[in-house]
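Structure first, commentary second.
All chains are named by letter (A, B, ...) in the order of the sequence lines, taking the proteins before the strands, and each is independently numbered beginning at 1. Note that the structure is a prediction, hence the values are computed from the model and not measured.
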Amino acid sequence: MENVFECIYVDGVTRLCTKNLAPGYSVYGERLIKFEGIEYREWNAFRSKLAGAILKGLKYNPIKKGTKVLYLGAASGTTPSHISDIVEKEGKVYGVEFSPRVVRELILVAQRRPNLFPILADARFPQAYSLLVEDPEVLYVDIAQPDQTDIAIYNAKFFLREGGYLLLAVKARSIDVTKEPEEIFMAEAEKLRKENFDVEQIINLDPYDKDHSMIVAKFKG
Amino acid sequence: MMKVYLVEHVIGSFAFDENGKLVDYVLNPRDLGKVVDMLIDHEEHGNPFPSALELLLKLKPSEVVVENEAEVAKFQGLGARVTTQVHHFGAREFRQSLVKYALEAKYAPNEEELYSFLYQVSFEYTRRKLRKASQKRDLLAIQAVRAIDDIDKTINLFSERLREWYSLHFPELDKMVEDHQLYSKIVSYLGYRDNITQEALKELGLNDSRASKIADAAKKSIGADISEDDINSIRMLSNTILELFKIRNDLADYVESVMREVSPNVTALVGPVLGARLLSLAGSLEELAKMPASTIQVLGAEKALFRALKTGSRPPKHGIIFQFPAIHSSPRWQRGKIARALAAKLAIAARVDAFSGRYIGDQLVEQLNKRIEEIKTKYAQPPPRKQQKEERPQGKGKKGKGDKKKGKRR
Ligand SMILES: C[S@@+](CC[C@H](N)C(=O)[O-])C[C@H]1O[C@@H](n2cnc3c(N)ncnc32)[C@H](O)[C@@H]1O
């Protein structure tokens with residue numbers, strides 16, 4: 001997978017890593033590892049769903065060097081910072097988050113990363129941030145809202161390029177506590193199919209995130 | 001009669017036809033404060049960009065397609081049919097080739113500068129919105145900058161101790177490395193004198209010649225031999241110093257972020273740390289905003305000011321703002337004038353920060369720099385000392401008098 005590395009420690013433990021775009025700075029307490037003059041950041045799959053998805057068998061990662069990503073639910077920047085590492089300075093990460101408290105932390109992370117644009121806005125109203133972004137190749141949605149699939153679809157129609165990818169993190173419990181998680185994942189995927197997406201993979205994130213899955217879908221426009 | 005697809009973006013307003021071809025455009029000013037004002041106005045009131053209105057007045061289309069429902073009413077007066085459709089032809093074309101359109105329209109000279117401006121805009125926009133949610137965050141910046149000052153004092157204290165202690169083993173290093181952080185690094189990472197080789201020093205980032213000089217001194221050192229235990233105890237201290245440097249850096253980042261949020265205009269003028277020190281001396285942003293420029297000018301020089309009032313000696317020309325590079329790096333006789341100019345801008349900046357939050361930092365900086373240039377050319381030569389008194393009545397003295405009066409009234 002492009003720009004996603006494995007760091008093997010002396011005791012044999014292997015961890016995912018990304019090349020640190022802001023050398024010397026750790027974002028959420030993750031380890032920094034220097035190897036042949038390059039600094040890497042350990043990517044904790046228990047903290048980041050994308051890392052979890054990769055370890056659980058993501059077949060194709062549409063995020064690589066140069067990719068433009070619109071990220072909804074950027075929170076304090078844990079996953080966005082790794083995506084910023086992966087896309088390098090040629091790529092861009094537009095990070096939308098609506099909670100002021102966490103945006104303050106996101107700003108501290110983005111200050112060191114010229115490719116990470118912090119945007120305080122509500123993902124339900126793309127009209128506001130449409131003035132600040134460009135059309136992305138990847139739409140990453142992790143907002144833990146009951147209607148998040150609808151919000152993702154709306155944003156895809158608003159911004160996503162034809163052939164672009166949607167990575168949608170689904171938290172079963174925030175959608176319906178009474179239903180079986182698998183049932184919910186299938187229902188959300190079905191919504192996407194109806195809206196012109198090819199659902200390529202539904203990755204259960206257990207044990208990194210219980211009752212969560214990552215839906216990978218390609219947008220047919 | 002023409003139908004156009006209107007796209008609005010930070011860089012301007014663009015109109016495309018039904019085939020996705022660019023018809024015409026009007027750029028936005030490349031001014032951080034103005035662009036962010038427009039964005040906020042657009043978001044809060046559904047007001048279109050002035051550039052969009054100008055563009056439509058120019059094109060007089062019969063039909064306009066926009067992306068934002070809230071704007072429809074605002075365009076009604078233009079006599080065109082207005083409809084909404086998200087991601088229409090124009091929006092698609094424009095946002096997929098943003099760089100191309102921005103460069104062709106000469107909004108920025110190259111891709112790098114374009115993105116660097118867009119990056120600043122998203123920060124400023126986000127900070128403006130954060131400001132509304134912020135209460136008393138100036139007090140957080142104040143405490144943080146005070147913590148930085150405490151840490152600096154501690155670093156100095158510990159470094160002096162470390163130097164004295166480690167000098168028992170390698171006294172020559174003290175004079176050769178003045179920078180406390182580098183000194184601590186050498187002790188922490190290398191420890192024993194015998195480990196201080198040219199190679200090892202180069203890995204710590206020293207250049208060839210410096211590394212070889214220090215390594216040479218280590219070899220010939222007259223210091224005493226000490227044990228592993230001794231070294232380890234010394235290292236505990238140098239490790240602590242390095243940790244303090246790290247905390248200091250993180251705090252400085254934090255102060256910068258908070259200051260840009262709560263007091264962006266003061267920060268633009270004097271930087272986050274000096275800005276926070278001004279808030280700290282005033283007590284809060286609001287207190288600073290209430291102060292006249294003459295008080296801001298001498299903030300932090302209270303002792304000298306009171307002395308002047310008591311004894312009739314000359315009042316101080318500057319307090320903490322002496323730390324501003326253009327003041328302390330200028331010749332003595334220009335400093336008071338630059339300090340006054342800076343204080344005047346700071347007074348405006350603090351008021352805007354406290355009461356409206358608009359960003360006018362770029363203009364303030366520009367005006368200040370112009371004034372400093374003027375002072376530098378007009379007062380290039382030092383005033384001749386003795387003649388000064390005789391010249392007083394001839395107008396030049398006026399300013400001097402005014403100064404004194406202000407000083408006395410305080
Ligand atoms: C599970 S967290 C995201 C964690 C992050 N994706 C990561 O991996 O580092 C969900 C975030 O979405 C934000 N959020 C929820 N609803 C939102 C909305 N309508 N617009 C923007 N952000 C939203 C929440 O404030 C929260 O910070």
Side-chain angles (χ1 to χ4, degrees), chain A residues 22 24-26 34 37 68 70 74 89-122 125-137 153-164 219 221, chain B residues 7-11 13 28 35-36 38-40 42-44 46 49 66-71 84-87 91-99 101-102 111-112 115-116 118-123 125-134 137 140 246 249-250 253-254 256-258 260-261:
Chain A
Y25 290 87
S26 137
K34 246 207 169 127
K68 285 166 184 156
L70 176 61
K89 61 179 192 311
E90 291 83 357
K92 304 287 169 257
V93 185
Y94 295 98
V96 176
E97 167 60 51
F98 81 163
S99 153
R101 197 178 48 78
V102 291
V103 166
R104 295 203 167 95
E105 292 168 37
L106 178 65
I107 276 186
L108 285 171
V109 175
Q111 258 174 10
R112 302 259 159 225
R113 298 174 171 273
N115 65 1
L116 176 53
F117 298 59
I119 300 174
L120 175 58
D122 188 331
F125 306 108
Q127 283 82 1
Y129 49 87
S130 68
L131 306 164
L132 288 152
V133 305
E134 51 194 314
D135 283 359
E137 286 122 15
I153 291 167
Y154 186 39
N155 274 275
K157 289 188 173 161
F158 212 114
F159 299 110
L160 196 53
R161 293 170 193 243
E162 226 179 281
F219 189 48
Chain B
V7 211
E8 287 167 280
H9 191 270
V10 164
I11 72 167
S13 300
N28 289 335
V35 167
V36 173
M38 280 161 33
L39 287 168
I40 303 264
H42 179 278
E43 186 168 350
E44 287 179 353
F49 285 170
V66 297
E67 280 191 292
N68 190 350
E69 189 77 55
E71 279 181 42
T84 51
Q85 184 194 339
V86 302
H87 220 191
R92 205 172 281 255
E93 172 60 26
F94 178 83
R95 283 200 301 267
Q96 288 189 5
S97 312
L98 170 69
V99 175
Y101 285 105
E111 185 171 336
E112 206 171 303
Y115 277 117
S116 130
L118 294 178
Y119 179 78
Q120 287 178 50
V121 170
S122 79
F123 262 91
Y125 164 83
T126 293
R127 287 187 168 120
R128 264 286 277 289
K129 293 181 73 176
L130 278 181
R131 261 188 64 87
K132 298 213 179 92
S134 70
R137 289 182 61 79
L140 291 169
K246 199 184 160 310
N249 268 346
D250 288 352
D253 269 8
Y254 170 74
E256 163 144 21
S257 190
V258 179
R260 287 198 191 282
E261 181 188 326

Self-check item: B/F123 vs A/F117 side-chain heavy atoms within contact, under 4.5 Å
Solution: no
Quiz item: Distance-only, no hydrogens or angles: does the B/T126 side chain make a donor-acceptor pair with backbone N or O of A/P118 under 3.5 Å?
Solution: yes
Self-check item: Spatial distance of atom CG (A/L131) from atom OG (B/S122) [nearest 0.5 Å]
Solution: 12.5 Å
Quiz item: Does the side chain of B/Y254 come within less than 4.5 Å of A/R104's, by heavy atoms?
Solution: no
Quiz prompt | Side chain / backbone / both / neither for A/K92 at chain B, heavy atoms under 4.5 Å | solution = side chain
Self-check item: Per-residue contact mode, B/A70 against chain A (heavy atom under 4.5 angstrom)
Solution: neither
Exercise. Show your reasoning for whether side-chain contact (heavy atoms from CB on, under 4.5 Å) applies to B/L118 and A/V133.
Key: CA-CA 9 Å; B/L118 294 178; A/V133 305; over 6 Å; no
Quiz prompt | Distance, nearest 0.5 Å, that separates CG of A/L120 from NZ of B/K129 | solution = 5.0 Å
Self-check item: Reported CG-to-CG distance for the pair B/D250 and A/L108, which is rounded to 0.5 angstrom
Solution: 9.0 Å
Quiz prompt | Interface moiety of A/F159 toward chain B, non-hydrogen atoms closer than 4.5 Å | solution = both
Exercise. Give, as side chain, backbone, both or neither, the part of B/E43 having an atom under 4.5 angstrom from any heavy atom of chain A.
Key: side chain
Exercise. Among B/D253, B/V7, B/V86, single out the residue with the greatest number of heavy-atom pairs under 4.5 Å to chain A.
Key: B/D253
Quiz item: Looking only at heavy atoms, which two atoms of A/L132 and B/H9 are closest? And how far apart?
Solution: C-NE2, 3.9 Å
Practice problem: Check B/H42 against A/Q127 and note the closest heavy-atom contact, atom names and distance. | Solution: CE1-O, 4.4 Å
Practice problem: Take atom CD of B/E69 as the centre, draw a 6.0 Å sphere, and report whether it contains more than 12 heavy atoms from other residues, nucleotides or ligands. | Solution: no
Quiz item: Closest heavy-atom contact between B/A91 and A/D135?
Solution: O-OD2, 4.3 Å
Quiz item: Side chain, backbone, both or neither: which part of B/E261 has an atom under 4.5 Å from a heavy atom of chain A?
Solution: side chain
Quiz prompt | chain A contacts, top residue of B/Y115, B/Y125, B/F94, B/F49 (heavy-atom pairs, under 4.5 Å) | solution = B/Y115
Quiz item: With a 4.5 angstrom heavy-atom cut-off, which part of A/L106 approaches chain B: side chain, backbone, both or neither?
Solution: neither
Practice problem: Taking the side chain as every heavy atom from C-beta outward, state whether A/Q111 and B/E256 have any atom pair closer than 4.5 Å. | Solution: yes
Quiz item: Quick check: are there more than 12 heavy atoms from other residues, nucleotides or ligands sitting under 6.0 Å from CD of B/E112?
Solution: no
Quiz prompt | Side chain, backbone, both or neither of B/R131 within contact of chain A (heavy atoms, under 4.5 Å) | solution = neither
Self-check item: B/Q120 atom CD, neighbour heavy-atom count above 12 within 6.0 Å
Solution: yes
Quiz prompt | B/K132 atom NZ, neighbour heavy-atom count above 12 within 6.0 Å | solution = yes
Exercise. For chain B, find which of A/P114, A/A128, A/P100 contributes the most heavy-atom pairs closer than 4.5 angstrom.
Key: A/P114
Quiz item: Out of B/R137, B/R92, B/R128, which one racks up the most heavy-atom pairs below 4.5 Å with chain A?
Solution: B/R137
Quiz item: Would you say B/H87's side chain and A/N155's backbone share a donor-acceptor pair under 3.5 angstrom?
Solution: no
Exercise. Please determine, among B/V258, B/V99, B/N249, B/N68, the option with the most heavy-atom pairs under 4.5 Å with chain A.
Key: B/N68
Practice problem: Examine whether an atom of A/Y94 lies under 4.5 Å from a heavy atom of chain B, and if so say whether it belongs to the side chain, the backbone or both; otherwise answer neither. | Solution: side chain
Quiz item: Taking side chain as C-beta onward, heavy atoms only, is B/Y119 less than 4.5 Å from A/N115?
Solution: no
